[in-house]
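Quantities reported herein were computed from a predicted structural model and do not represent experimental measurements. In each ligand, atom 1 is the first atom listed, and ligand 1 is the first ligand listed. Nothing fancy with the numbering, it's 1 onward along the sequence.
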Amino acid sequence: MLEFKRQSLRPKDVAASLVVVAVYEDRMLSSAAAELDAASGGMLKRLMESGDISGRIGTTTLLHQSGGVVAPRALVVGLGEQRKFDAARFLRASREAHKALKGLPVETVASYLTEVEVPGRDSEWKLMQSALIADYAAYRYTATLKPRPERTELRELMFSAPGYEGEILARASGFAAGIRLARELGNLPPNICNPGYLAEQAHELARRHPEVSVQVLEREEMQTLGMGALLAVSAGSENPPKLVVMDYKGGGGKPFVFVGKGITFDTGGIDIKPAAGMEEMKFDMCGAASVFGLMEAVARLKLPVRVVGIAPCVENMPDGRSYRPSDVLKTMAGHQVEVLNTDAEGRLILCDALTYAQRFEPHTLIDIATLTGACVVALGSHASGLMSRDDELANELLAAGEYSADRAWRLPLWEDYQSQLETGFADFANLGGKYAGAITAGCFLSRFTEGQRWAHLDIAGSAWDAGRKGTATGRPVALLVQWLLGQKTG
Ligand code: BES
Ligand code: MN
Ligand code: ZN
């Protein structure tokens with residue numbers, strides 16, 4: 001993990017492998033850039049005059065050995081026009097800066113980006129976001145790759161934040177550890193990261209954090225509890241299902257309970273998915289991974305609340321024992337559900353896990369799931385889909401996402417959509433038809449959370465980046481931990 005520090009030397013004096021300073025498009029230097037310019041005999045200004053440094057938003061220029069400056073390298077980052085500069089552009093410029101650092105032999109970086117004014121945001125926000133962006137960029141997936149020859153890698157990031165005295169960088173490390181864990185679990189292949197592996201990882205997490213206790217329910221216990229829907233999804237797999245329960249007792253009062261979809265691979269079952277892109281269904285446990293990440297962060301930050309994380313972990317496979325379209329399943333809540341497509345499996349494992357979750361008498365109950373392709377069609381990858389009957393809870397979550405740059409967007413859960421689940425052969429079906437697929441999935445879950453302060457996050461579009469080199473994003477760990485920071489009970 002990257003180490004974050006604060007330091008108060010000026011850019012020309014700091015001993016780092018590289019310093020980062022910012023310039024605006026209108027040939028305007030930030031104060032750190034002006035100091036570097038003065039120390040290097042006007043080099044930055046000359047490069048701006050000649051057009052080598054444009055200052056356009058997100059552009060980067062690497063400079064070597066500017067005389068009079070201790071650090072051997074400087075990275076000049078463009079912020080665009082000063083009057084248009086805002087929080088979104090701050091994030092964009094920061095991300096581009098880290099892209100430019102990739103592959104450079106730098107071990108320590110001193111950044112002065114946190115000194116620039118961002119309308120409506122304070123030092124705390126700038127430091128937090130800078131640290132998270134840096135750690136995100138520094139993460140490497142290596143678990144199943146040949147060891148690479150030793151390379152110099154970024155190890156320490158030093159920030160300048162004059163006048164700020166708080167401990168936000170320690171908090172950022174807690175967030176970053178949770179996001180990393182969620183990403184790593186998401187990225188692991190499904191022949192390693194199966195339900196049993198996730199159960200082991202929960203025990204590992206509890207070993208790291210004594211305030212967390214773990215319980216794993218096995219198939220027999222699920223049978224006794226009547227989890228007919230979860231068990232049906234698991235029926236076609238050789239890997240037995242696990243219901244992982246992690247309990248962090250950092251405070252009294254009713255717990256905040258999170259339930260994450262943990263389909264370790266989703267073939268679609270008997271209604272099998274098309275081959276193109278099926279490999280991405282290893283990420284179908286990213287909801288569960290975000291619950292692991294959240295528990296890791298909460299334990300590191302020692303939040304003074306009780307948090308219960310539940311991960312139903314199941315593989316969805318076609319087999320002679322698989323459940324089939326038209327099967328009617330009896331859920332733990334007692335509702336009979338007709339299966340119209342075995343690929344709508346996420347809601348079937350979640351409904352039983354959500355029923356089980358209610359024995360903890362949640363203060364708030366939140367599920368997180370890579371639930372529907374329809375959500376990806378509606379929102380793409382920028383926003384997670386948020387559904388809730390509770391306006392106050394929905395607004396709190398939207399605000400936490402906005403602040404933590406891990407945004408969600410609300411979709412309606414109106415009664416009007418519920419009729420799409422009707423069928424003649426059971427209480428309702430696991431499918432709502434062609435239209436509003438993200439919402440009818442939410443409607444299905446809503447029938448298992450009556451009377452609860454509940455929200456559903458569909459992260460099908462936000463949990464990983466598409467493509468051969470796309471990796472898990474760790475979303476929505478930042479949103480949820482940020483939301484928890486504002487909660488008090490007991
Ligand atoms: N895990 C998928 C949803 C998904 C699809 C996530 C693509 C990310 C990218 C889920 O289990 C699923 O298969 N959903 C079906 C539901 C349909 C059968 C009602 C879908 O979205 O097509
Ligand atoms: Mn599916
Ligand atoms: Zn799925």
Over 60° means perpendicular and under 30° means parallel, so tell me whether [X] and [Y] are parallel, tilted or perpendicular.
X      : Y      : answer
Phe85  : Phe90  : perpendicular
Phe448 : Phe428 : perpendicular
Tyr356 : Phe360 : perpendicular
Phe283 : Trp464 : parallel

Nearest to the Mn ion (ligand 2) - the N/O/S atom of Glu345, by atom name: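 Output for this pair reads OE1.
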Could you tell me which N, O or S atom of Asp266 is nearest to the Mn ion (ligand 2)?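 Of all N, O or S atoms belonging to Asp266, OD2 is the one nearest the Mn ion (ligand 2).
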Test item: Arg300 and Glu296 side chains (from C-beta on) under 4.5 Å apart, heavy atoms: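 With C-beta onward as the side chain, the pair touches.
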Side chain proximity check, Leu421 to Cys443, heavy atoms < 4.5 angstrom: yes
Which heavy atom of the protein is the closest neighbour of [atom], given with residue, atom name and distance?
atom                    : answer
atom 16 (C) of ligand 1 : Arg347 NH2, 4.0 Å
atom 10 (C) of ligand 1 : Leu371 O, 3.3 Å
atom 15 (C) of ligand 1 : Asp343 O, 4.0 Å
atom 20 (C) of ligand 1 : Gly373 N, 3.8 Å
atom 8 (C) of ligand 1  : Trp464 CH2, 3.4 Å
atom 1 (N) of ligand 1  : Asp284 OD1, 2.9 Å
atom 2 (C) of ligand 1  : Asp266 OD2, 3.6 Å
atom 17 (C) of ligand 1 : Leu431 CD1, 4.2 Å

Which one holds for [X] and ligand 1: side chain close, backbone close, both close, or neither close, with close meaning a heavy atom under 4.0 Å?
X      : value
Lys273 : side chain
Ile263 : neither
Phe265 : neither

Side chain to side chain contact (heavy atoms under 4.5 Å, CB included) evaluation trace for Leu393 with Leu397: CA-CA 6 Å; Leu393 175 59; Leu397 291 167; 4.0 Å; yes
Derivation of the side chain to side chain contact (heavy atoms under 4.5 Å, CB included) call for Asp266 and Glu345: CA-CA 8 Å; Asp266 183 12; Glu345 85 298 339; 3.1 Å; yes
Those atoms of ligand 1 less than 4.0 Å from some heavy atom in [X]:
X      : value
Ala460 : 6 (C), 8 (C)
Lys261 : 1 (N), 10 (C), 11 (O)
Thr370 : 1 (N), 2 (C), 3 (C), 6 (C)

Is a side-chain donor-acceptor pair under 3.5 Å present for Asp284 with Thr370?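 Looking only at side-chain atoms, Asp284 and Thr370 do form a donor-acceptor pair, the distance falling under 3.5 Å.
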Residue Asp284, metal the Mn ion (ligand 2), N/O/S under 2.8 Å: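 No.
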Output, by chain and residue number, all protein N/O/S atoms separated from the Zn ion (ligand 3) by less than 2.8 Å.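 You should have found Lys261 NZ, Asp266 OD2, Asp284 OD2, Glu345 OE2.
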Give the single entry among Met281, Glu280, Met278 that approaches atom 7 (C) of ligand 1 most closely by any heavy atom.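 Considering heavy atoms of Met281, Glu280, Met278, the nearest to atom 7 (C) of ligand 1 sits in Met281.
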Check against side chain to side chain contact (heavy atoms under 4.5 Å, CB included), Ile263 and Met281: CA-CA 8 Å; Ile263 294 289; Met281 285 299 114; over 6 Å; no
Report the C-alpha separation of Lys249 and Glu211 in whole Å, then their side-chain angles, then the decisive distance to 0.1 Å, and conclude whether the salt bridge (charged side-chain N to carboxylate O under 4.0 Å, His left out) test is met. CA-CA 6 Å; Lys249 288 201 183 76; Glu211 319 76 23; over 6 Å; no
Spell out, as yes or no, whether a donor-acceptor pair under 3.5 Å connects the side chain of Asp343 to the backbone of Gly269. no
Determine yes or no for a side-chain-to-main-chain donor-acceptor pair under 3.5 angstrom, with Ser462 supplying the side chain and Ser381 the backbone.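 Answer holds: no.
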Taking the six-membered ring of Tyr136, is the NZ or CZ of Arg183 close enough (under 6.0 Å from the centre) and on axis enough (within 45°)? yes
Between Phe265 and Asn191, does a side chain to side chain contact (heavy atoms under 4.5 Å, CB included) hold up when you go through it step by step? CA-CA 9 Å; Phe265 193 74; Asn191 58 327; over 6 Å; no
Distance-only N or O hit between ligand 1 and Glu345, under 3.5 Å: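 By distance alone, the answer is yes.
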